S.K.: 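Pasting a structure here, questions to come.
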There are 2 protein chains.
Amino acid sequence: MTGPGTVRPGGRTARTREAVREATLAELAEHGYQGLTVDNVAARSGVHKTTVYRRWGSAEGLVADALELAAAEPWPVPDTGSAEGDLRALARLVQSGFADAEQGPVAAAFVAAAVQNPGAAKALHTFFARRHEDAAAVVDRAVERGELPAGTDSAEVVRAAVAPLYYRLFITGERIDEAVADRAGSAAFAAARAGAFTR
Amino acid sequence: MTGPGTVRPGGRTARTREAVREATLAELAEHGYQGLTVDNVAARSGVHKTTVYRRWGSAEGLVADALELAAAEPWPVPDTGSAEGDLRALARLVQSGFADAEQGPVAAAFVAAAVQNPGAAKALHTFFARRHEDAAAVVDRAVERGELPAGTDSAEVVRAAVAPLYYRLFITGERIDEAVADRAGSAAFAAARAGAFTR
DNA sequence: CGGGCTTTGCAACAAAAGTTGCGTTAAGGT
DNA sequence: ACCTTAACGCAACTTTTGTTGCAAAGCCCG
């Protein structure tokens with residue numbers, strides 16, 4: 001839960017963990033998951049190669065740990081006043097995140113890691129489960145306001161709003177911009193309003 | 001275009017290419033992209049390691065070649081008579097493909113490869129571009145029948161129908177079944193009918 | 001059916017990735 | 001302040017991955 005090296009969480013141990021985590025994120029941003037090697041992370045962090053292998057095991061462990069860290073960070077759930085506005089904002093949040101020069105490459109690297117190694121996959125899945133829980137508020141509010149039909153499955157609406165973005169990014173390789181995000185958000189709203197996501 | 005070893009397409013060259021392609025698919029099915037090594041493919045195909053390195057370069061080249069081969073295969077575009085039926089069928093096609101014990105792992109491996117190496121990514125993107133072109137017929141027919149508004153962007157509808165499936169499979173790690181596919185297809189239809197995808 | 005040229009196999013090599021044993025360092029409790 | 005022991009650094013080693021030079025094999029053209 002709390003990551004590698006928990007028996008003795010004090011000074012030195014904590015410092016090396018921090019150094020390695022930081023180095024991992026930097027390497028991911030620069031070279032992606034494919035280019036993430038234990039040797040490079042060790043060199044960059046100033047921690048010895050052997051230590052990294054012993055505490056994290058491999059690149060997989062490094063990514064999972066970094067991802068767990070990222071999952072802890074809070075994020076702003078949109079509240080624009082209207083359901084369609086919120087869903088659009090949600091989609092834009094995803095779009096701008098990947099467009100960002102800093103977060104974008106790291107986020108993409110996380111997905112790349114998750115697609116092919118179980119440890120990172122599990123970490124990413126819990127990350128998204130949390131995000132969906134948070135985002136569900138958007139839909140619940142809309143139902144209360146009467147904008148969306150009662151019994152609407154909130155997670156399903158959220159998925160519909162963001163899925164096309166991930167689909168383009170990682171499957172078809174098409175670029176995404178604000179217009180794409182807006183369309184995805186509006187389409188999710190339209191489908192929900194039509195009752196496509198009621199249980 | 002036609003793959004490695006095109007200068008002398010005759011007997012032996014063709015045989016080794018076929019053997020390697022087959023071995024690549026088998027390895028992908030068994031161990032996924034992560035477990036795909038040139039050594040294993042060489043051993044399985046009976047072709048020498050050096051030859052594989054020379055003609056395909058790396059695991060990336062192997063996947064790209066196999067993917068190009070898979071892209072050539074035709075697939076049945078649904079024609080159920082109704083737009084919603086077609087979109088549901090489209091989503092089910094994706095769902096059943098990944099559920100299949102043979103195709104599923106290979107398809108997942110293709111995505112895993114594409115997410116992190118440019119060669120496989122390019123091959124996958126052209127693969128999907130072709131599929132989208134074919135699937136556009138579904139929407140075009142619906143517009144002609146008056147089921148969907150004129151000016152509906154066909155590719156956008158198709159994306160909406162299948163994106164949630166890929167999103168669950170590769171991002172959130174949620175299982176997909178027939179019900180999920182049906183909901184995705186119906187939601188895409190509802191959004192399109194509401195005019196969310198008109199230009 | 002023979003000679004030139006491509007492709008393959010082979011072995012030896014080079015580089016990168018991962019492991020192990022052991023001595024040293026420094027937390028954390030007393 | 002001191003002692004126990006987890007965690008680290010270091011060097012040597014093994015395994016895996018990728019490369020190179022050269023000779024043998026076989027396709028394709030005349």
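Within every chain, numbering begins at 1; the chains are lettered A, B, ... in the order of the sequence lines, protein sequences first and strands thereafter. The shown structure was predicted, so the numbers you read here are calculated from the model rather than taken from an experiment. Heavy-atom basis, side chains included; hydrogens, waters and symmetry copies ignored.
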S.K.: Between the two end axes of the helix from C:dC1-D:dG30 to C:dT30-D:dA1, each built from 5 base pairs, what angle do you get to the nearest 10°?
M.R.: 40°

S.K.: Taking atom CZ of B:R183 as the centre, does the number of heavy atoms from other residues, nucleotides or ligands within less than 6.0 Å exceed 12?
M.R.: yes

S.K.: Hey, is B:E73 close enough to B:R130 for a salt bridge, meaning N to O under 4.0 Å?
M.R.: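 No, B:E73 and B:R130 are not salt-bridged.
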
S.K.: Rounding to a whole Å, what distance do you find between B:E60:CD and D:dG18:C1'?
M.R.: 15 Å

S.K.: Given atom CD of B:E18 and atom P of C:dT7, what is their separation to the nearest angstrom?
M.R.: 17 Å

S.K.: Quick test of your reading: applying ring pair (Phe, Tyr, Trp, His ring centres under 6.0 Å), list the pairs with at least one residue in residues 137-167 of chain B, sequence neighbours left out, ordered by first then second residue.
M.R.: A:H132-B:Y167, A:Y166-B:Y167, A:Y167-B:Y166, B:F98-B:Y166, B:F128-B:Y166

S.K.: For D:dA7 and A:T51 - does any side-chain N or O of the residue sit under 4.0 Å from the phosphate oxygens OP1/OP2?
M.R.: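 Answer no for this pair, as no side-chain N or O of A:T51 is under 4.0 Å from OP1 or OP2.
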
S.K.: Between B:T13 and C:dT6, does any side-chain N or O lie under 4.0 Å from OP1 or OP2?
M.R.: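 Checking C:dT6 against B:T13, no side-chain N or O comes under 4.0 Å of OP1 or OP2.
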
S.K.: Hey, are A:R141 and A:D86 close enough for a salt bridge, meaning a charged N less than 4.0 Å from a carboxylate O?
M.R.: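 Counted as a salt bridge, because a side-chain N and a carboxylate O are separated by less than 4.0 Å.
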
S.K.: What N/O pairs connect the protein and nucleotides 16-19 of chain C at under 3.5 Å? Give each pair on its own line.
M.R.:
from, atom 1, to, atom 2, distance (Å)
C:dG18, OP2, A:Y53, OH, 2.7
C:dG18, O5', A:Y53, OH, 3.3
C:dG18, N7, A:K49, NZ, 3.0
C:dG18, O6, A:K49, NZ, 3.1

S.K.: Looking at A:T24 and A:A66, what are the two nearest heavy atoms and their distance?
M.R.: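 Closest heavy-atom pair between A:T24 and A:A66: CG2-CB, 4.2 Å.
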
S.K.: Ion pair present between B:K122 and B:E60, side-chain N to carboxylate O less than 4.0 angstrom?
M.R.: no

S.K.: Which value, rounded to the nearest 0.5 Å, describes the distance between B:L124 atom CG and B:R131 atom CZ?
M.R.: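 Nearest 0.5 Å value for the CG-CZ distance: 10.5 Å.
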
S.K.: Atom CZ in B:F127, atom CG in B:L67: separation rounded to 0.5 Å?
M.R.: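 The CG atom of B:L67 is 7.0 Å from CZ of B:F127, to the nearest 0.5 Å.
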
S.K.: Counting only side-chain heavy atoms from C-beta out, which of D:dA7, C:dG9, D:dG9 sits nearest to A:R55?
M.R.: D:dA7

S.K.: How long is the line joining CZ of B:R17 and P of C:dT6, in whole Å?
M.R.: 17 Å

S.K.: Could you tell me the separation between the CZ atom of B:R15 and the P atom of C:dT6, rounded to a whole number of Å?
M.R.: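 About 20 Å, once rounded to whole Å.
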
S.K.: Please indicate whether B:E22 has more than 12 foreign heavy atoms, meaning atoms of other residues, nucleotides or ligands, lying under 6.0 Å from its CD.
M.R.: no

S.K.: Between P on C:dT20 and NE2 on A:H48, what's the gap in Å once rounded to a whole number?
M.R.: 16 Å

